[in-house]
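Report on one structure; see the data block that follows.
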Amino acid sequence: MLVAAAICPCPPLLVPEVAAGAAPELDALRASCLDAVGVLAAARPDRLVVLGPADQAGRGPHPQGAVGSFRGFGVDLEVSLGAAEAVRERELPPSLAVGAWLLSRADWADAPVEGLGVGEPLPRDRCLPVGREIAVSAPRVALLVMGDGSACRTVKAPGYFDERAEAFDAAAASALGAADLAALTALDEELAFDLQASGRACWQVLAGAAEGAGLGGRLLREEAPYGVGYFVAAWS
């Protein structure tokens, strides 16, 4: 059963070594993410699953100890998923590497950790069963859900400006903050794709996992510093 969830954005810039001189710009966002991870620890889970958007190579399960790196972003930094001996079968996708970094900053040692790379195009009617399966995998399951909102909030955003982006992000932030499963499930897949909202599928996996759990939510932070929607929320 799902007992807690933390929702965090996944830009590599969240890692100070990657952000370099711009690191202070995201200090408040980092602090909110660590607060959300603290909610997971307080729930005393038996199992923690980190969800994150992934390309074809990074999709599927990643075991505890799986290694990710930020070399592709110009930084010689490695992270591993949870406190375990390194497993180098395949590298974590960037979203899960950021999640692993957050857990390392929080000194996570509260439960075994696994990762799941989720394809961004995964339709909602497949996301929901994935979440339900995760929820019944242990008596007390927690989720760390990585993913960004739209990437089209300004003309300098990665996806340029799209007038639909602000409303999409507002709906997503409201649903995540209220733990509104129906609203998360209703997020438009095609619109999310157009707006490059990488978190949509992971949020809908979360919606499936949370069915019947009776969790309440809090939106800890919402911002779009680079034209990309970033949300931090905690469910317990």
Side-chain angles (χ1 to χ4, degrees), residues 1-12 14-15 17-18 30-55 57-70 77-119 122 127 130-148 198-199 201-210 213 215 220 232-236:
M1 179 179 180
L2 188 70
V3 295
I7 299 94
C8 295
C10 59
L14 206 59
V15 179
E17 291 88 341
V18 176
R30 292 184 193 98
S32 295
C33 289
L34 291 173
D35 287 345
V37 172
V39 171
L40 302 182
R44 303 185 307 279
D46 302 311
R47 181 189 189 209
L48 172 63
V49 180
V50 185
L51 304 177
D55 61 15
R59 293 174 192 171
H62 295 265
Q64 180 162 282
V67 173
S69 84
F70 296 96
L77 174 66
E78 280 192 348
V79 291
S80 62
L81 195 59
E85 186 175 343
V87 176
R88 298 184 180 275
E89 295 176 2
R90 61 176 180 145
E91 191 166 288
L92 294 171
S95 65
L96 295 186
V98 175
W101 177 83
L102 281 174
L103 293 175
S104 71
R105 287 292 294 266
D107 295 323
W108 181 270
D110 298 87
V113 184
E114 299 169 51
L116 181 64
V118 179
L122 193 70
C127 293
V130 171
R132 295 175 188 131
E133 185 176 342
I134 292 171
V136 299
S137 64
R140 298 179 65 82
V141 177
L143 289 178
L144 173 55
V145 184
M146 311 299 295
D148 300 338
S198 69
C202 292
W203 300 335
Q204 290 179 334
V205 171
L206 167 62
L215 301 184
L220 304 182
V232 182
W235 294 13
S236 62

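The structure presented is a predicted model; accordingly, all values stated were derived computationally and were not measured.
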From CA spacing to verdict: side chain to side chain contact (heavy atoms under 4.5 Å, CB included), Phe70, Val79:
CA-CA 9 Å; Phe70 296 96; Val79 291; 4.1 Å; yes
Would you mind reporting whether Leu51 and Ile134 have side-chain heavy atoms less than 4.5 Å apart?
yes
Before giving the answer on side chain to side chain contact (heavy atoms under 4.5 Å, CB included), spell out for Val37 and Arg105 the whole-Å C-alpha distance, their side-chain angles and the decisive distance to 0.1 Å.
CA-CA 10 Å; Val37 172; Arg105 287 292 294 266; over 6 Å; no
Closest heavy-atom pair and its distance - Pro45, Leu40:
CD-O, 3.3 Å
Just how far is it from atom CG of Leu206 to atom CG of Leu144, taken to the nearest 0.5 Å?
11.0 Å
Crowded around Glu133 CD? As in, over 12 foreign heavy atoms under 6.0 Å?
no
Can you measure from CG (Leu48) to CG (Leu81) and round to the nearest 0.5 angstrom?
8.0 Å
Any donor and acceptor pair, going by atom type alone, linking the side chain of Arg30 with main-chain N or O of Leu14 inside 3.5 Å?
yes
Glu91 and Ser69, any side-chain heavy atoms less than 4.5 Å apart
yes
Would you say the side chain of Pro53 lies within less than 4.5 Å of the side chain of Cys202, judging by non-hydrogen atoms?
yes
Please check if the side chain of Arg140 supplies one atom and the backbone of Asp46 the other of a donor-acceptor pair under 3.5 Å.
no
Step through the shown structure and confirm whether more than 12 heavy atoms of other residues, nucleotides or ligands are within 6.0 Å of CZ on Arg90.
yes
Identify the heavy atoms of Ala201 and Val118 that sit nearest to each other, and give their distance.
CB-CG1, 3.9 Å
Where is the tightest heavy-atom contact between Val98 and Pro12, given as atom of each residue plus distance?
CG2-CA, 4.0 Å
Do Pro9 and Val232 have side chains that approach each other closer than 4.5 Å (heavy atoms only, starting at C-beta)?
yes
Inter-residue atom distance Ser95.OG - Leu116.CG, 0.5 Å rounding:
10.0 Å
Identify the two heavy atoms, one from Val39 and one from Ser236, that lie closest to each other, and give their separation to 0.1 Å.
CG1-CB, 3.9 Å
In short, Val87 meets Pro63 closest at the heavy-atom pair CG1-CG, 3.9 Å
Within the distance-only criterion (no hydrogens, no angle test), does the side chain of Gln64 pair as donor or acceptor with the backbone N or O of Val113 below 3.5 angstrom?
yes
Nearest heavy atoms of Arg47 and Ala111, plus distance in Å
N-CB, 4.0 Å
Does a side-chain heavy-atom distance below 4.5 Å link Ile7 with Trp235?
yes
Taking the side chain from Asp148 and the backbone from Cys10, do they hold a donor-acceptor pair closer than 3.5 Å?
yes
Would you check if the side chain of Asp35 reaches a backbone N or O of Gly38 as a donor-acceptor pair within less than 3.5 Å?
no
